[in-house]
Amino acid sequence: MSNPPRLGVNIDHVATVRNARGGDVPDPVRAALLAEEAGADGITAHLREDRRHISDDDIERLMAALKVPLNFEMAATDEMQAIALKHQPHAVCIVPEKREERTTEGGLDVARDENRLAHFIAPLRDAGCRVSIFIAADRSQIEAANRIGAEVIELHTGAYCDAHSEGRFEDRDRELDALREMSTFAHSLGLEVHAGHGLTYETVGPVAAFPELMELNIGHFLIGEAIFRGLTPSIHEMQRLIKEART
Ligand code: PXP
């Protein structure tokens, strides 16, 4: 049995519920501290350009309150780079961002924007942040992420999860094979491999089983599940399934 991947809990959607009423509750920082207490290995938060969920103040308070590492998700913009450099979180995950999308729909096209991204991540690395790039399971994107100097890639599991929930099982298995193969490929280049997006109790096991996988970042499903069984038991069940996948 190898060490199971770390679990990063994404608390964005606690802020989504808060912002639906415009007040202070529920507080995503309180959720983050509860997740930390439940044994989460890290907390992930995405400060979007339109601030639709996490706010600048949330990031400030997370940095002050957390003992576990903060994985700061952001688009590759000058504004976000300045915020990341101000806070210097443990990790920065660069994601694509479109205003009209409901969630992060695809991976970053690193191959198309290689030169700019190489210059963009250099100061973040110099400031001591571990830079991760959120990409599809695609060989050319992984090679480009490696060339620009990223230390970590996060594989986008959305297509695999969508195929599962829509009952397209052949597509799901093909997506899973691609994720597994690209996890091995990225690891062979010396990149640390993470994965996330759309994962649930039903879909997490086969991904957690990838031997090279070091971290899973899971949010929406866990926050939803917390309505029914509470955040701590929801996290514990996810950790149990992750661990089981490695035994
Ligand atoms: N990883 C990345 C890079 C993401 O952008 C997201 C969504 O914000 C997640 C993981 C978590 O996805 P989900 O909320 O669907 O579990």
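Just so you know, ligand 1 is whichever comes first in the structure, and atom 1 is the first atom listed for that ligand.
Numbered from 1 in the order shown, with element, the atoms of ligand 1 that lie under 4.0 Å from a heavy atom of I218 read 16 (O). If you number the atoms of ligand 1 from 1 as listed, the ones under 4.0 Å from a heavy atom of E154 come out as 1 (N), 2 (C), 3 (C), 10 (C). Contact atoms of ligand 1 toward G219: 13 (P), 14 (O), 16 (O) (distance under 4.0 Å to a heavy atom of the residue). Of all atoms in ligand 1, listed by their number and element, those nearer than 4.0 Å to a heavy atom of G198 are 12 (O), 13 (P), 15 (O), 16 (O). Under a 4.0 Å criterion applied to the non-hydrogen atoms of H197, ligand 1 contributes the atoms 6 (C), 7 (C), 10 (C), 12 (O), 15 (O). The contact set between ligand 1 and V95, taken as ligand atoms under 4.0 Å from a residue heavy atom, comprises 3 (C).
Separating the CD1 atom in I54 from the CG atom in N10 is a distance of 7.5 Å, to the nearest 0.5 Å. The distance from the CD1 atom of I83 to the CG atom of L47 is 5.0 Å, given to the nearest 0.5 Å.
Between the side chains of E154 and S132, no donor N or O sits under 3.5 Å from an acceptor N or O.
A search for side chain to side chain contact (heavy atoms under 4.5 Å, CB included) contacts involving A163 returns R168, D171, R172, not counting sequence neighbours.
Of the N or O atoms in H220, one or more lie within a sub-3.5 Å distance of an N or O in ligand 1.
The closest heavy-atom contact to atom 11 (C) of ligand 1, among the options L222, N217, L199, comes from N217.
Taking the six-membered ring where tryptophan is involved, the planes of Y201 and F221 are perpendicular, since the angle between them exceeds 60° and thus also 30°.
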Criterion salt bridge (charged side-chain N to carboxylate O under 4.0 Å, His left out) on R240 and E244, from CA distance to verdict
CA-CA 6 Å; R240 187 187 71 73; E244 189 180 77; 3.0 Å; yes

If you apply the rule salt bridge (charged side-chain N to carboxylate O under 4.0 Å, His left out), what do you find for E79 with R51, and how did you get there?
CA-CA 12 Å; E79 183 202 15; R51 311 298 199 269; 2.7 Å; yes

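The shortest heavy-atom distance from F134 to ligand 1 is under 4.0 Å.
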